[in-house]
Number of protein chains: 2
Amino acid sequence: MKKEIGTEEKIKDAAKAVFLQKGFSGCTTREIAKASGMNVALVNYYFRSKNQLFQLIFQSVMEEFIQSLIQVFQEDMPLKEKMRILIQKRYEFVEKNPEFPNFIHNELGRNAEFNRQNKNIFDKIATSGIFEEARDAQQKGEMRSIDMFHVTILIMSNCDFPFISRHFHLSMHEISEKEMNLKLKEHRLLVTEMLMNYLFPKPSE
Amino acid sequence: MKKEIGTEEKIKDAAKAVFLQKGFSGCTTREIAKASGMNVALVNYYFRSKNQLFQLIFQSVMEEFIQSLIQVFQEDMPLKEKMRILIQKRYEFVEKNPEFPNFIHNELGRNAEFNRQNKNIFDKIATSGIFEEARDAQQKGEMRSIDMFHVTILIMSNCDFPFISRHFHLSMHEISEKEMNLKLKEHRLLVTEMLMNYLFPKPSE
DNA sequence: AACTATTTTAAACAATTGTTTAATAAAGGA
DNA sequence: TCCTTTATTAAACAATTGTTTAAAATAGTT
């Protein structure tokens, strides 16, 4: 269980933590260096520039982020069940990585170039078969017939946003972090029920 | 219709635009000065520091943001109707001010001190009577009995997040800005139906 | 051991940052 | 008009930024 990690890895780990918390323009190279226990020159020795280091981190974070959305779809079960588990896994992923959503959307918003670079990452979703599988279910009448654009936004909205707006609700409802975490755990159940009811309506109505 | 605005106002307007788009640490005093057509010294002449200027802008943006959440509750109509209109108004507000949510949550996350400063703003919600009115409806069985914590998150999630994740979906679904805006308009209808169905379930089930 | 390549360090670089100064221009009141 | 206040400007300030340099330490090889 000993982890004898080299300095390159140390810097990468520290950079990920700092970038996630403060964003690209919210931190300095020296801050990353200090967080990793190294000095400034080493950061550029291994990664050439703050920008390249960020690019590297962003890419990997983005990949993790996307992966958590589609991993469920490799398993073999009915779409409705997949969807329920997807929502659960997604929620739990963001719960473990609360800074991910804000980080990604924030940096994506400020850096329009990333869109081109991450095209291959997005392709992973397109080729995962989610969309086709959903369309089938929709044609069979099992699933509500709405564009997958809406489906993805609905899921991400309800899984990601609670953690994006963490501090906001912390202030508004005047609760402690502990209470907050409990309520957020509770929230997953509501979200799952609401989304499932909406996406797979009872045939009676 | 002529607007003969002074330099103080010009700077404030430019600062709001720049801050909203790039965040506090994502822009410089000189950038704000240039955007307003003035020079750097004038920014500090009127607002003492970049930090104070930001504080001022953030405060006003926060107020607008909160106000859009509660304005409906001053009118006199049944809670269910109020809620439907609230969702609609809220969605349309964010549609007109797409940078608001990301800006607020981003800056709130990085600056924990704001929480104390904005306590009086949050009080506006608490004293608006929303919470009591909802509790009444819940006791009468008209509304689903869940904590208002969940209700606010559900509404904000589905109204705000689509615009926070704008660039993400722009890349993922490979659509143009025009198409995006159309789909987002469409999305409001889904969101409203889903939320209303969940918050005010049919008594049959 | 001697030599080479790699890693690490402290110091310096120029550019940019927020902020201030001191001089000038404009406005307003007596 | 003269004087005081307010507004505006260009220039400078010190601190911080990302990045580089050149020397020292370490590791690896023969």
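Each chain gets a letter, A, B and so on, in the order the sequences are listed, and its residues count up from 1. Predicted model, so just to flag it, every value in this text is computed and none were measured. We use all heavy atoms of the structure for the numbers below, so side chains are in, but hydrogens, waters and symmetry mates are not.
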Handout entry: Plane angle bin for F103(B) and F58(B) - parallel if under 30°, tilted between 30 and 60°, otherwise perpendicular
Key =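 Tilted, since the angle between the ring planes falls between 30° and 60°.
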
[X] [atom1] to [N] [atom2], straight-line distance once rounded to whole Å:
X      : N       : atom1 : atom2 : value
E31(A) : dT19(D) : CD    : C1'   : 18 Å
Y46(A) : dT19(D) : OH    : P     : 18 Å
R30(A) : dG18(D) : CZ    : C1'   : 7 Å
M38(A) : dT19(D) : CE    : C1'   : 19 Å
L53(B) : dT17(C) : CG    : P     : 16 Å
N51(A) : dT20(D) : CG    : P     : 12 Å
N44(A) : dT19(D) : CG    : P     : 5 Å
K34(B) : dA10(D) : NZ    : P     : 13 Å

Closer than 4.0 Å, any side-chain N/O of [X] to the OP1 or OP2 of [N]?
X      : N       : value
T29(A) : dT17(D) : no
Y45(A) : dT6(C)  : no
T7(B)  : dT8(D)  : yes

Practice task
Could you say whether L42(A) or F24(B) is positioned toward the 5' end of DNA chain C, judged by the nucleotide with the nearest heavy atom to each?
Solution key: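 Whichever sits nearer the 5' end wins; that is L42(A).
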
Problem - Basic-acidic side-chain contact under 4.0 Å: E133(A), K82(A) - result: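 Yes, this pair counts.
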
Practice task
Mind checking V43(A) for me? I need base, sugar-phosphate or nothing, with any heavy atom below 4.0 Å counting as a touch.
Solution key: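 Counting heavy atoms under 4.0 Å across all strands, no contact is made by V43(A).
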
Practice task
Have a look at F47(A) and say if it touches a base, only the backbone sugar-phosphate, or nothing, with a 4.0 Å heavy-atom cut-off.
Solution key: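 No contact.
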
Problem - K50(A) vs A41(B), nearer the 5' end of DNA chain D by closest nucleotide - result: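 Here A41(B) is the residue nearer the 5' end.
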
Handout entry: Distance-only polar pair, side chains of R48(A) and N44(A), donor-acceptor under 3.5 Å
Key =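 Per modelled atom types, R48(A) and N44(A) side chains form no pair under 3.5 Å.
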
Practice task
Determine whether the side chains of E63(A) and S60(A) contain a donor N or O and an acceptor N or O closer than 3.5 Å.
Solution key: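 No.
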
Practice task
Between dT9(D), dT19(D), dT8(C), spot the one nearest the side chain of S49(A), thanks.
Solution key: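 Closest of the options to the side chain of S49(A): dT19(D).
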
Exercise for the section: Determine, using ring centers only, whether F93(A) and F100(A) are less than 6.0 Å apart. Expected result: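 When the ring centroids of F100(A) and F93(A) are compared, they turn out to be within the sub-6.0 Å range.
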
